[in-house]
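Quick caveat: nothing in here was measured; it's all calculated off a predicted structure. Keep in mind that the numbers below use all heavy atoms, side chains included, and drop hydrogens, waters and symmetry copies. Protein chains get the first letters and strands the later ones, always in sequence-line order, with residue 1 at the start of each.
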2 protein chains.
Amino acid sequence: MENSVTEISKLGEFGLIDHLTKEFPLKNESSVLGVGDDAAVLDFGNDKEILVTTDLLLEGIHFDVRYVPLKHLGYKSAIVNFSDIYAMGGTPKQITVSIGVSSRFTVEHIEAIYSGLRTACEIYGVDLVGGDTSASVTGLVISITCIGECEKGKEIRRDGAKPTDVICVSGDLGAAYMGLQLLERENRVASGVGDDFQPDFAGREYILERQLKPEARRDIIEALRENGIQPTAMMDVSDGLSSELLHICKKSDVGCRVYEDRIPIDYQTACMAEELNMNLVTAAMNGGEDYELLFTVSLSDHEKVEKIPGVRMIGYVTEPSLGAAMVTRDGGEIPIQAQGWNAFNK
Amino acid sequence: MENSVTEISKLGEFGLIDHLTKEFPLKNESSVLGVGDDAAVLDFGNDKEILVTTDLLLEGIHFDVRYVPLKHLGYKSAIVNFSDIYAMGGTPKQITVSIGVSSRFTVEHIEAIYSGLRTACEIYGVDLVGGDTSASVTGLVISITCIGECEKGKEIRRDGAKPTDVICVSGDLGAAYMGLQLLERENRVASGVGDDFQPDFAGREYILERQLKPEARRDIIEALRENGIQPTAMMDVSDGLSSELLHICKKSDVGCRVYEDRIPIDYQTACMAEELNMNLVTAAMNGGEDYELLFTVSLSDHEKVEKIPGVRMIGYVTEPSLGAAMVTRDGGEIPIQAQGWNAFNK
């Protein structure tokens with residue numbers, strides 16, 4: 001043990017978390033659900049359950065301050081946590097924010113980050129209740145923990161999908177990824193020319209906004225509640241649809257079929273993919289950072305879910321033996337593989 | 001605003017947090033207490049309150065992997081959070097752990113960190129319920145959030161100290177700081193000699209353990225409960241006694257007098273200070289990382305608190321106009337100043 005050496009990339013992010021946390025059985029009565037879902041579920045004996053989720057954002061891995069405005073970075077850092085709470089069917093209520101900053105940052109830089117955090121908190125009705133600010137000798141570090149609530153027993157986990165359930169996704173996919181491609185391209189161009197370079201973002205506002213200023217789908221959670229729909233499984237799309245589908249299949253012990261021609265893709269996403277000569281469906285399936293909601297509902301809720309604007313039914317849940325596959329436009333099947341964003345392979 | 005530039009060191013860590021969070025008023029009913037204490041207090045409508053605290057530990061600022069074994073680092077990372085929950089009079093119940101690791105770390109390195117976390121969780125009865133593991137292009141980053149519980153309305157804040165209250169501290173002070181001095185000296189020596197250098201730690205085990213493997217004072221919290229003592233204010237000593245006394249004075253709007261000859265100091269701490277030609281009382285007052293509990297009790301609890309082993313009465317609370325001062329052995333008074341650990345000045 002002491003002498004063995006295993007590269008982290010061999011396990012990958014999810015493999016590593018599984019490996020490290022499998023020896024931590026839950027012992028406290030108040031710990032209802034631990035590692036392995038969008039948020040932990042705690043119960044301190046009242047009629048509400050407490051949801052807890054946390055995200056660590058590191059400069060050079062999760063963001064690049066050369067082309068991400070700090071205010072947007074603050075906003076997005078909060079949103080990705082709110083999204084995890086909504087993905088449990090809950091409502092975010094509080095966040096704690098820890099920031100590590102190197103000496104090249106000034107108070108005004110950190111104010112910009114907090115200004116974005118504040119805007120996100122105001123819009124989503126969340127209180128900032130704690131945190132930590134520290135010097136960093138390395139890069140900018142943002143660690144956020146979000147606490148939310150949901151009705152007892154109503155949390156939507158990843159493990160409840162059943163064969164014949166309908167698979168749904170909100171909004172559209174791949175736009176945030178194409179926005180990132182655009183930003184990276186303009187940054188490469190800018191670094192080769194003078195200071196007066198003006199990147200050309202006209203007609204690409206949507207994909208940029210999806211990358212820089214995503215929203216959490218509170219509206220979808222509210223619409224599901226109003227229509228009396230309790231999804232059988234749900235998670236948010238942060239690593240890419242392929243990766244998330246495989247999580248639900250693994251946790252629920254099911255297979256799935258999703259239809260290529262049902263994957264929701266925006267026009268700007270399609271244009272950008274064509275311009276960059278990238279495969280559009282691959283971008284939509286594996287791009288990540290969409291922060292849309294992927295969920296499954298009973299077949300009997302089919303008609304109710306159809307009425308919710310911005311929700312697309314993209315396939316159905318199968319027996320586990322059938323595996324996870326995408327049905328192509330010509331009727332063929334391609335196995336779904338997690339090509340999702342894995343920072344350890346970068 | 002956009003064009004002004006303020007160095008972070010001008011505000012310091014606490015000034016920065018105050019500055020950044022003052023525009024975040026609490027709006028949710030469930031947010032009882034926000035930024036500015038050892039932990040946030042939340043109330044989701046049951047007979048227990050939820051406590052939340054978070055700590056961000058950065059390589060090169062909070063620890064040096066050259067002389068901190070990773071297992072101890074994991075243990076200490078958990079303990080510093082448990083300590084914050086105890087310092088509110090609560091019981092830690094869950095933690096989430098986010099870790100960012102660079103490619104020079106292997107799975108076995110991270111296992112060592114988790115092994116320390118697991119030991120701490122087992123000893124203190126805490127569940128690991130979530131987290132995040134990410135690649136880092138910079139240094140090792142550990143971010144932990146701890147959730148605890150306490151009886152409703154029984155949380156011990158920093159703002160309840162009243163003139164004539166007795167000031168108490170658990171254990172002894174300055175040992176962790178002297179342990180760090182020893183480790184740094186041996187590391188300097190080691191880097192100048194061959195690989196077979198063996199540092200000489202004989203007779204200094206206590207100060208090393210205080211630095212590398214501190215404990216949280218659950219025993220003191222239990223003893224206070226058993227003896228029916230509800231402290232009027234409490235916090236843990238992480239940045240140094242001087243800094244913490246000033247926090248309580250500021251939050252409670254009081255002054256204080258502490259007696260130099262009442263400051264608890266271990267023999268090994270004293271020996272090491274002498275060997276390194278450092279001022280012992282300065283080390284004890286400003287060293288930090290003691291994770292002892294500093295608290296105030298009503299004068300009427302004086303006799304009850306006297307019976308608790310490991311608690312020392314070191315002074316009393318005064319009217320705010322008298323300021324915060326240490327009474328020296330010769331009866332003089334020295335104003336207490338926060339020379340506590342401020343990472344932004346490093």
Side-chain angles (χ1 to χ4, degrees), chain A residues 4-8 11 13 16-17 20-21 23-24 26-28 30-31 34-35 40 42 44-46 48 50 52-56 58 60-61 93-94 96 98 100-101 105-108 110 114 118 121 127-139 141 143 145 147 149 343-344 346, chain B residues 4-8 11 13 16-17 20-21 23-24 26-28 30-31 34-35 40 42 44-46 48 50 52-56 58 60-61 93-94 96 98 100-101 105-108 110 114 118 121 127-139 141 143 145 147 149 343-344 346:
Chain A
S4 69
V5 171
T6 313
E7 297 278 334
I8 291 168
L11 293 177
E13 182 183 351
L16 183 62
I17 294 176
L20 294 169
T21 56
E23 288 168 57
F24 283 84
L26 301 182
K27 289 172 181 167
N28 287 322
S30 52
S31 306
V35 174
L42 313 180
F44 290 92
N46 52 355
K48 295 254 171 65
I50 314 295
V52 181
T53 183
T54 189
D55 261 294
L56 179 64
L58 302 173
I61 298 285
K93 289 289 178 181
Q94 287 91 15
T96 64
S98 294
V101 278
F105 282 85
T106 64
V107 171
E108 288 73 17
I110 311 178
Y114 268 78
R118 189 164 53 243
C121 283
D127 289 332
L128 183 135
V129 295
D132 200 6
T133 308
S134 168
S136 162
V137 288
T138 52
V141 176
S143 176
T145 297
I147 294 119
E149 60 173 40
F344 286 111
K346 271 206 174 168
Chain B
S4 68
V5 172
T6 312
E7 297 279 334
I8 292 168
L11 293 177
E13 182 184 350
L16 182 62
I17 293 176
L20 293 170
T21 56
E23 287 168 58
F24 283 83
L26 301 182
K27 289 174 182 167
N28 287 322
S30 53
S31 306
V35 174
L42 312 181
F44 290 93
N46 53 353
K48 295 254 170 63
I50 314 295
V52 181
T53 183
T54 190
D55 261 294
L56 179 64
L58 301 174
I61 298 285
K93 289 290 178 181
Q94 287 91 15
T96 64
S98 293
V101 279
F105 282 85
T106 64
V107 172
E108 287 73 18
I110 310 177
Y114 268 78
R118 190 165 54 243
C121 283
D127 289 332
L128 182 136
V129 295
D132 199 6
T133 308
S134 169
S136 162
V137 287
T138 52
V141 176
S143 176
T145 297
I147 295 119
E149 60 173 39
F344 286 112
K346 276 205 170 172

Non-hydrogen side-chain atoms of A:V35 and B:V129 separated by less than 4.5 Å: no
Would you name the heavy atoms of [X] and [Y] that are closest together and state the gap between them?
X: B:L58; Y: A:S134; answer: CD1-OG, 4.0 Å
X: B:V137; Y: A:G60; answer: CG2-CA, 4.1 Å
X: B:I61; Y: A:A135; answer: CG1-O, 3.4 Å
X: A:G131; Y: B:T54; answer: CA-CG2, 3.7 Å
X: A:G100; Y: B:L56; answer: N-CD2, 3.6 Å

Backbone N or O of A:K27 within a donor-acceptor pair of the B:D127 side chain at under 3.5 Å? yes
Sidechain-backbone polar pair: A:Q94 side chain, B:L42 backbone, donor-acceptor under 3.5 Å: no
In Å and rounded to the nearest 0.5 Å, what is the [atom1] to [atom2] distance from [X] to [Y]?
X: B:D55; Y: A:S143; atom1: CG; atom2: OG; value: 10.5 Å
X: B:R118; Y: A:T21; atom1: CZ; atom2: OG1; value: 10.5 Å
X: A:K48; Y: B:F44; atom1: NZ; atom2: CZ; value: 8.5 Å
X: A:I147; Y: B:I147; atom1: CD1; atom2: CD1; value: 6.0 Å

Name the member of A:L26, A:N28, A:T53 that forms the most heavy-atom pairs with chain B at distances under 4.5 Å. A:N28
Heavy-atom pairs under 4.5 Å with chain A are the metric here; pick the option from B:G130, B:C121, B:S31 that has the most. B:S31
Quick one: do A:T6 and B:E108 satisfy side chain to side chain donor-acceptor pair (under 3.5 Å)? Show the steps, please. CA-CA 7 Å; A:T6 313; B:E108 287 73 18; 2.6 Å; yes
